[in-house]
There are 2 protein chains.
Amino acid sequence: MSDFKNLDPLLHSQLRLAVMSLLVSVQSAEFVFIKEKTGATAGNLSVQIDKLNNAGYIEVTKSFKGKKPVTTCNISKKGIEAFESYVNTLQSYIKK
Amino acid sequence: MSDFKNLDPLLHSQLRLAVMSLLVSVQSAEFVFIKEKTGATAGNLSVQIDKLNNAGYIEVTKSFKGKKPVTTCNISKKGIEAFESYVNTLQSYIKK
DNA sequence: TAAAGTAGTTTACAATATAAACTATAATTT
DNA sequence: AAATTATAGTTTATATTGTAAACTACTTTA
């Protein structure tokens, strides 16, 4: 790509982008909350959260709220930076 | 997706987005020019141009420059509208 | 006339996204 | 108390997509 910088493929996915954009503003959110906000299915969300986690863009902690399992996602510094960089690259595409 | 509107999958692809963003500014461009600007391989570009064409986002005309075949792509009204709509949706993601 | 270049297209494969099916536990209902 | 429904996810199977490699067809050059 000469004129067009590569878009981070991890962020260039509708659901992962939605998750990250949510986490950028709230920093921390629970699985169920993210699921509702994004409208994703649990399976799809689970997979995509895994990928973001493996990339170090978010940190995932599992605990219990009463007797129910709760998965909490926190955006990492690396995640914030990646998101900002992605947004900048994207802007360069759409305002050519 | 409750909070997040769907991103047109035809535009949410790095190469097709690059092609469309190029065509939005220049209106009309030749295959080889697009190939150079985007850094895509000919095969990949050919496939993606086909998809944009089938969607009615661009019009493709084939002619000759001297004895060499030339494929020219023109963005359509529908394409411009789709691009603008995509950009708006995207903006709503990244400035939440 | 053989080799290399140009302009693409087709096809085969790898990667991705997604839903469906599943696990595990808890709370209700009958 | 057994069966049913609900909650919170995970795993897996499939369909879709993206991409490069291989190919076609023609032209130019050595």
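Here is the naming used below: chain letters follow the sequence lines, and residue numbers restart at 1 for every chain.
The CG atom of B/L15 sits 19 Å away from the P atom of C/dA15 (whole-angstrom rounding). Rounded to whole Å, atom P of D/dT16 lies 19 Å from atom NE2 of B/H12. One interatomic measurement links the two molecules: CG of A/L17 to P of C/dT18, which rounds to 12 Å at whole-angstrom precision. Spacing between atom CZ of B/F33 and atom C1' of C/dG8 amounts to 18 Å, rounded to whole angstrom units. Atom pair B/E30:CD and C/dG8:C1' shows a separation of 13 Å (rounding to whole Å applied). Straight-line distance from the NZ atom of A/K68 to the P atom of C/dT25: 16 Å, rounded to whole Å. Atom CD of B/Q48 is separated from atom C1' of C/dT11 by 14 Å (rounded to the nearest Å). Rounded to a whole Å, the CG atom of B/L45 is 13 Å from the P atom of C/dA7.
Across all strands shown, A/K65 has no heavy atoms under 4.0 Å from either base or sugar-phosphate atoms. Note on A/V47: a base of the nucleic acid sits closer than 4.0 angstrom, heavy atoms only. Contacts of A/S46 with the nucleic acid, taken as non-hydrogen atoms under 4.0 Å apart, include base atoms.
Phosphate contact (OP1/OP2 of C/dT18, side-chain N/O of A/T41, threshold under 4.0 Å): absent. For D/dG18, the OP1/OP2 oxygens have a side-chain nitrogen or oxygen of B/R16 closer than 4.0 Å. Regarding contacts with the backbone of D/dT16, every side-chain N or O of B/K51 stays at 4.0 angstrom or more from both OP1 and OP2.
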